[in-house]
There are 2 protein chains.
Amino acid sequence: MSPSISNQITQMLLDMLDRDGTTEIRRNDLAQSLGCVPSQINYVISSRFTPERGYIVESRRGGGGYVKITRVSLDFPTAIMHAVNSVGSEIDPLAARSCIMNLLSRGVIEQNGARLIAAAVDENALRPVPYEYRDTVRASILKQMLLAYSQNRKG
Amino acid sequence: MSPSISNQITQMLLDMLDRDGTTEIRRNDLAQSLGCVPSQINYVISSRFTPERGYIVESRRGGGGYVKITRVSLDFPTAIMHAVNSVGSEIDPLAARSCIMNLLSRGVIEQNGARLIAAAVDENALRPVPYEYRDTVRASILKQMLLAYSQNRKG
DNA sequence: ATGTAATTATAGTCAGAGAAAGTCAAATTT
DNA sequence: AAATTTGACTTTCTCTGACTATAATTACAT
């Protein structure tokens with residue numbers, strides 16, 4: 001893991017979330033204590049704690065304001081369907097990765113499956129497809145695989 | 001073994017890999033320290049650390065970016081490596097299917113894995129890719145997935 | 001005491017600068 | 001001819017700060 005500030009913030013938030021699945025912060029304080037500008041917290045949240053990835057974020061401005069992050073969890077079929085539906089007709093490498101990681105971290109899919117799916121939709125595997133089609137192909141493969149995955153086992 | 005810069009880079013990466021099978025570099029730093037242009041690192045990676053030779057490469061751009069190379073474990077079934085090498089640069093749906101079935105029937109891969117791989121290289125998933133590229137893409141994906149599979153525990 | 005205005009305390013947005021890595025094809029070496 | 005070397009250009013990800021939006025609190029007038 002790279003030592004970028006964004007990654008530190010991410011890690012810190014994940015640690016807090018690991019305790020009870022929810023965390024509430026004061027944006028400015030956190031930024032202060034990490035030595036970055038407040039808006040970077042927003043950047044991290046919007047690039048990593050997305051609904052796609054299984055988080056809901058609420059906030060409030062003004063005096064006594066806060067930012068609250070909650071990790072949501074769904075049952076297997078619902079989670080898979082949700083994921084499939086969220087994919088759309090195109091998906092870029094980062095979003096695909098997020099989608100897979102999200103399912104993995106929530107225990108919807110397993111490490112082995114995640115690896116296979118990740119390998120299939122990786123930019124590396126898709127190199128031979130013309131750039132303009134890549135995200136469309138990625139979406140197609142991802143959806144097919146998730147569907148196939150849901151056939152896989154014990155519900 | 002000429003002392004070309006590419007060979008030096010290769011050797012350095014191999015040395016790093018010998019420690020724990022994985023290595024993460026900052027492309028620009030490495031290029032700097034070896035006195036070559038950054039893009040030469042890409043050349044080395046794409047010419048020597050290929051899936052056929054048993055390497056998985058991941059990377060990230062932007063601040064805190066990196067290039068990570070992983071060598072699949074030395075004790076993984078040679079059968080998989082054989083399969084990867086037998087695939088070539090193109091493969092049609094039928095051949096792909098029989099490749100997968102073959103590995104499955106020999107117990108090299110499992111039902112679940114076979115299903116995922118089959119889904120990914122299926123004509124259905126690849127529909128969005130122009131016909132002329134399909135078999136090439138299929139080959140690329142298949143190889144990447146088999147390689148990823150060989151990373152799975154209890155293989 | 002009550003309603004309104006001013007002030008203060010937060011958080012959000014966005015565009016631009018900065019930091020890596022990737023691509024491609026021409027030039028060079030082997 | 002094939003492999004290597006190079007650098008100009010592209011794409012992606014991160015960081016920053018000026019500006020905006022909203023909520024709570026305080027001040028003030030009635």
Side-chain angles (χ1 to χ4, degrees), chain A residues 1-13 23-50 52-53 56-69 90-98 101 121-135 138, chain B residues 1-13 23-50 53 56-69 140:
Chain A
M1 188 64 95
S2 9
S4 70
I5 300 185
S6 284
N7 284 335
Q8 285 175 236
I9 298 171
T10 303
Q11 198 49 57
M12 174 162 285
L13 292 176
T23 185
E24 194 173 313
I25 61 168
R26 316 292 304 255
R27 189 186 73 150
N28 288 354
D29 291 355
L30 184 56
Q32 179 82 40
S33 79
L34 282 163
C36 67
V37 296
S39 61
Q40 187 154 12
I41 308 292
N42 294 82
Y43 169 68
V44 169
I45 287 173
S46 64
S47 66
R48 293 145 157 84
F49 294 84
T50 64
E52 269 259 307
R53 239 175 143 164
I56 61 181
V57 178
E58 302 159 282
S59 67
R60 224 180 148 146
R61 311 185 184 190
Y66 63 89
V67 175
K68 182 178 163 195
I69 303 174
E90 298 184 18
I91 191 169
D92 64 59
L94 184 61
R97 189 162 193 82
S98 293
M101 286 309 166
V121 302
D122 190 77
E123 196 67 347
N124 245 317
L126 267 26
R127 187 136 302 147
V129 10
Y131 199 76
E132 4 151 23
Y133 299 111
R134 250 179 237 178
D135 288 354
R138 195 188 330 274
Chain B
M1 213 27 109
S2 49
S4 72
I5 299 188
S6 282
N7 283 334
Q8 284 175 238
I9 298 171
T10 303
Q11 198 48 57
M12 174 160 285
L13 291 176
T23 184
E24 194 173 312
I25 63 168
R26 318 292 305 251
R27 190 187 71 151
N28 288 353
D29 291 355
L30 184 57
Q32 178 82 41
S33 79
L34 282 163
C36 67
V37 296
S39 60
Q40 186 153 12
I41 308 292
N42 295 81
Y43 170 69
V44 169
I45 287 173
S46 65
S47 67
R48 292 145 158 84
F49 294 83
T50 64
R53 301 193 189 190
I56 292 176
V57 179
E58 300 160 282
S59 68
R60 231 183 133 86
R61 310 185 184 189
Y66 62 88
V67 175
K68 181 177 163 195
I69 303 175
S140 175

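Note that these values count all heavy atoms, side chains included, but never hydrogens, waters or copies made by symmetry. Note that the structure is a prediction, hence the values are computed from the model and not measured.
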Taking 4.0 Å as the cut-off, does a side-chain nitrogen or oxygen of [X] come that near to OP1 or OP2 on [N]?
X        : N      : value
A:Ser6   : D:dC15 : yes
B:Ser59  : C:dG22 : yes
B:Asn28  : C:dA21 : yes
A:Arg127 : C:dC24 : no
A:Tyr43  : D:dC15 : no
B:Arg61  : C:dT23 : no
B:Arg26  : C:dA20 : yes
A:Tyr131 : D:dT12 : yes

task: Go through the side-chain N and O atoms of A:Ser4 and A:Asn7 and say whether any donor and acceptor fall under 3.5 Å apart.
output: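 Per modelled atom types, A:Ser4 and A:Asn7 side chains form a pair under 3.5 Å.
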Sugar-phosphate only, base, or nothing, as touched by [X] at under 4.0 Å among non-hydrogen atoms:
X       : answer
A:Asn42 : base
A:Gly65 : sugar-phosphate
B:Ile41 : nothing

- request: May I have the distance from B:Leu30 (atom CG) to C:dA21 (atom C1'), rounded to whole angstrom?
  value: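 In whole Å, C:dA21 C1' and B:Leu30 CG are 13 Å from each other.
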C:dT10 base / A:Arg27 side chain donor-acceptor hit below 3.5 Å: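 Side chain to base: no pair present.
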Test side-chain contact (heavy atoms from CB on, under 4.5 Å) applied to A:Arg27 and A:Asn42, step by step: CA-CA 8 Å; A:Arg27 189 186 73 150; A:Asn42 294 82; 2.6 Å; yes
